[in-house]
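A short write-up of the structure that comes next.
Lettering of chains follows the sequences in order, A, B, ..., and the numbering in each one begins at 1.
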Amino acid sequence: MNKKKVRVRFAPSPTGPLHIGGVRTALFNYLFAKKYNGTFILRIEDTDQNRYVKGAEDYIINSLKWCNIKIDEGVGVGGKYGPYRQSERKDIYKKYAEQLITAGFAYYAFDTPEELEEMREKLKAEKSENQQYNFLSRTSMRNSLTLNPDEVEKLIESKTPFVIRLKVPEDENVEFTDVVHGKIIFKSSQLDDKILFKSDGMPTYHLANVVDDHLMKISHVIRGSEWINSTPSHVLLYKYLGWENEMPEFAHMPLILKPNGKGKLSKRDGDALGFPVFPLEWTNTETKEVSSGYRESGYFPDAFINILALLGWNPGTEQEIFSISELTEIFSLDRIGKSGSRFDPEKAKWFNHQYLINKNNTELASLYQDVLKNKGIEASDELVIKIVDLIKERASFISDFWEQSFFFFQKPTNYDAKAVKKNWKENTPNMMKELLTVIENIEGFNAENIEGEVKNYIEKNELGFGKVLNPLRLCLVGSGKGPSLFHIAEIIGKAEVVERINNGIEKIKK
RNA sequence: GGUCCGUUCGUCUAGCCAGGUCAGGACGUCAGGUUUUCAUCCUGGUAACACGGGUUCGAAUCCCGUACGGACUACCA
């Protein structure tokens, strides 16, 4: 790797929420920057006014914030290479587009959409290899290459709409070395004369991207592999603008694929896949349709980052759990894989479980308190910490907590039919009545004492643990599941235990 | 159609560059164990080098071809 200062950018267009592929691109850029003490820049590529979505920019910033990806420079934080919103840099691009024309590397084109369509149809009918606006077809179109200079000037003066196109050479090899894929070679005859400047006065991605990366001194372009095919046009631009020697290195990362089959994951997939594709919940501004987010689904940001980091990259060791700061230590571009990966929601869940069980009870309890408050339940922190400690091993998300622990806060309202059938026998009510006396007489109502006394009762009467404990669980919890019965009893307290047993005797019928 | 990229268990992947491993790990799944129950946990099993040629004593690894998949092919990014 060369020794120039690492400056990387994440450059989304604000056409909607970021999806996990976008977050991963941001993450890899960020990790790479931090690893080499470089700068991570957020640039907003809003050159398409038609696709601009209000709120998308804030969404992007908020998503990065939630993920703990800190922006060093760019939209929202500033910096000396600003502005960082392309719509605010219009004049800059114009200057370079004109420079290219003067130097003979670009030209004006006046073709209307209809004329373009006609050309494509014609080439299609001729069974031409491709239907591009290129070195061949440009000779029969209305542009400053075919028109004489007077006409061109007249058209421009009369405000005829025009675009500026890149004049791609007829027969040259255009090559670049991709950090992930190695050397990639294109024949210029296969490239089209890309539009650099649109008739609305805005540059296209291709021009803006190259100009900004150069002006912002970007050292490495880390982006999705959907950009590989347009990279040769960018390489040509660097050359024609005289920046060939300062061209950034390119690293095209493999795409994230749909889990069920085909194609790259896209924003449109929304919730259709059975798992969120967005980091944060998003409400479509037009349809009001709500798409779920990882945050709202209960993922921890550090778990989410961990999941994404291991999608298309791996450390080469068997370690799988990494904090973001560990990642910034060991991340490297050369361990990015070449092939696309599918997102596995099951493994994602497992990751979150790992993070959940490693969090301390106080933090978990405070998160759970929010859920409880929403349900109108008041409980002391002390109590909730105890409960969380008992159930966290059994949960992947904070949202699993309620199902695992509702019985601490309310009496069972119904009794699981299967468990009743299996465990509530003819003589069970009598047993429960006996047990009731045992329980009422326990001094110091804690798990240890309860366990001692109950087991003592069972052994003395030669009853068997399952015969007594299962029905008791049914009374206290309403089902055959849950954590240690004696701890449950301790937490809900003697009076409540007694009441629930009485309720059980009365309500549970075979 | 054209151009470019890719292909190791169901999934994420290690191994490939510098040929020699019973092709390793994780998720899932299955079985057993632990537990009063369920879950966790522990132990074990399951399952892959896309195909065909070559080079070589030896190929997942190097070369060629085929198949399949993907991306791009807009006055979108």
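Following rounding to the nearest Å, A:N306 (CG) and B:A26 (C1') show an atom-to-atom distance of 12 Å. A straight line from CD of A:Q86 to P of B:C76 spans 13 Å, rounded to a whole angstrom. Taking atom CG on A:L255 and atom P on B:G70, their separation rounds to 12 Å, with Å as the unit. A:I256 places its CD1 atom 14 Å from the P atom of B:A71, with the value rounded to the nearest Å. Separating the CG atom of A:D178 from the P atom of B:C17 is a distance of 20 Å, rounded to the nearest angstrom. For A:I391 and B:U37, the CD1 to C1' distance is 17 Å, given to the nearest whole Å. Counting to the nearest Å, the P atom of B:C4 and the CZ atom of A:F176 are 11 Å from each other. In this structure, CE of A:M141 is placed 13 Å from C1' of B:C75, rounded to the nearest angstrom.
Closest heavy-atom contact between A:K194 and A:S230: CE-CB, 4.1 Å. The two atoms that bring A:D213 and A:R9 nearest to each other are OD1-NE, 2.8 Å, heavy atoms only. A:S199 and A:V163 get closest at one heavy-atom pair: N-CG1, 3.8 Å. Across A:K338 and A:P254, no two heavy atoms sit closer than the pair O-CB, 3.8 Å. Considering every non-hydrogen atom in both A:N50 and A:D48, the closest pair reads N-OD1, 3.0 Å. The heavy-atom pair separating A:F197 from A:P203 by the smallest distance is CD1-CA, 4.0 Å.
For A:T47, the side-chain atoms get nearest to B:A77 when compared with the rest of B:G25, B:A77, B:G2. Proximity note for A:N314 (side chain, C-beta onward) versus B:C41, B:U36, B:U13: the nearest is B:U13. The A:T204 side chain lies nearest to B:C76 when the options are B:U13, B:C76, B:C4. The side chain of A:D344 lies closest to B:U11, out of B:G25, B:A77, B:U11. In the set B:U36, B:C75, B:A26, the nucleotide with an atom closest to the side chain of A:N470 is B:U36. Residue A:E318 has its side chain nearest to B:G25 when only B:U36, B:A77, B:G25 are considered.
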Taking only nitrogen or oxygen atoms into account, show me every contact under 3.5 Å that the protein makes with nucleotides 5-9 of chain B, one pair per line with its distance.
{"residue": "B:C5", "atom": "O2'", "partner": "A:H181", "partner atom": "NE2", "Å": "3.4"}

Just the atom pairs and distances: protein N or O near nucleotides 72-74 of chain B's N or O, under 3.5 Å.
{"residue": "B:C72", "atom": "OP1", "partner": "A:K264", "partner atom": "NZ", "Å": "3.1"}

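Comparing the P positions of B:G24 and B:A67 gives an interatomic distance of 33 Å, to the nearest angstrom. Atom name C1', nucleotides B:G54 and B:A59: the rounded distance is 11 Å, in whole Å. Using C1' as the reference atom, B:U21 and B:U37 are 45 Å apart when rounded to the nearest Å. When the C1' atom is compared between B:C62 and B:U56, the two are found 10 Å apart, to the nearest whole Å. B:A71 and B:C9 have their C1' atoms separated by 26 Å, with the value rounded to a whole Å. Taking atom C1' in both B:C27 and B:A14, one finds a spacing of 15 Å when rounded to whole Å. Straight-line distance between the P atoms of B:A74 and B:U3: roughly 16 Å, to the nearest whole Å. To the nearest whole angstrom, the two C1' atoms, one in B:G58 and one in B:G69, are 32 Å apart.
Pairing for B:C17 is absent, judged as Watson-Crick or G-U wobble with the two contacts each under 3.5 Å. The pairing partner recorded for B:G69 is B:C5, the criterion being a Watson-Crick or G-U wobble arrangement whose two distances lie under 3.5 angstrom. Across every strand in view, B:G32 sits in a pair with B:C42 that passes the Watson-Crick or G-U test at under 3.5 angstrom. Using the Watson-Crick or G-U wobble rule with both distances under 3.5 Å, B:G52 pairs with B:C64. The pairing partner recorded for B:G10 is B:C27, the criterion being a Watson-Crick or G-U wobble arrangement whose two distances lie under 3.5 angstrom. For B:U37, there is no paired base (Watson-Crick or G-U wobble, both distances below 3.5 Å). Under the Watson-Crick or G-U wobble criterion, with both distances below 3.5 Å, B:A59 has no partner in any strand shown.
Partner of A:Y299 under the ring pair (Phe, Tyr, Trp, His ring centres under 6.0 Å) criterion, chosen from A:F304, A:F278, A:F397: A:F397.
Contacts of A:T15 with the nucleic acid, taken as non-hydrogen atoms under 4.0 Å apart, are absent. Residue-level contact check: A:S199 touches the bases, meaning some heavy atom is under 4.0 Å from a base atom. A:D111 comes within 4.0 angstrom of a base, heavy atoms only. Using a 4.0 Å heavy-atom criterion, one finds that A:P483 contacts the bases of the nucleic acid, with or without backbone contacts as well. Nucleic acid contact class of A:F197 (heavy atoms, under 4.0 Å, all strands): none. Nucleic acid contact for A:S128: none, since no nucleic acid atom lies under 4.0 Å from a heavy atom of the residue. Looking at heavy-atom distances under 4.0 Å, A:G312 makes contact with sugar-phosphate atoms alone, never a base. Counting any heavy atom pair closer than 4.0 Å across all strands shown, A:L485 reaches a base atom.
When only modelled atom types and interatomic distance are considered, A:S87 and A:Y52 share no side-chain donor-acceptor pair under 3.5 Å.
A donor and an acceptor atom sit less than 3.5 Å apart, one in the side chain of A:K347 and one in the base of B:A26. The base of B:U37 sits with one of its N or O atoms less than 3.5 Å from a complementary donor or acceptor on the side chain of A:R473.
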Q: Test A:F300 against A:Y355 for ring-ring contact (aromatic ring centres under 6.0 Å, His included), laying out the working first.
A: CA-CA 8 Å; A:F300 299 110; A:Y355 275 83; 7.5 Å; no
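Both tests hold for A:K455 against A:F465: distance to the six-membered ring centre under 6.0 Å, angle to the ring axis within 45°. Note that A:R138 lies outside the cation-pi zone of A:F135, set by a 6.0 Å cut-off to the ring centre and a 45° limit from the axis.
The phosphate of B:A14 has neither OP1 nor OP2 within less than 4.0 Å of any side-chain N or O from A:T317. A close approach under 4.0 Å does occur between a side-chain nitrogen or oxygen of A:K198 and OP1 or OP2 of B:A77. Between A:R335 and B:G15 there is a side-chain N or O to OP1 or OP2 distance below 4.0 Å.
Between A:L311 and A:Q354, the residue whose closest nucleotide on RNA chain B is further toward the 5' end is A:L311. Mapping A:K187 and A:G482 onto RNA chain B by nearest heavy atom places A:K187 closer to the 5' end of the strand.
Screening residues 159-181 of chain A for ring pair (Phe, Tyr, Trp, His ring centres under 6.0 Å) gives A:Y108-A:F162, A:F176-A:F250 as the qualifying pairs, with residues at least two apart or on separate chains.
Formation of a donor-acceptor pair under 3.5 Å by the A:Q319 side chain with backbone atoms of A:I321 is found in this model. For A:S225 (side chain) and A:H252 (main-chain N/O), no donor-acceptor pair under 3.5 Å exists by modelled atom type.
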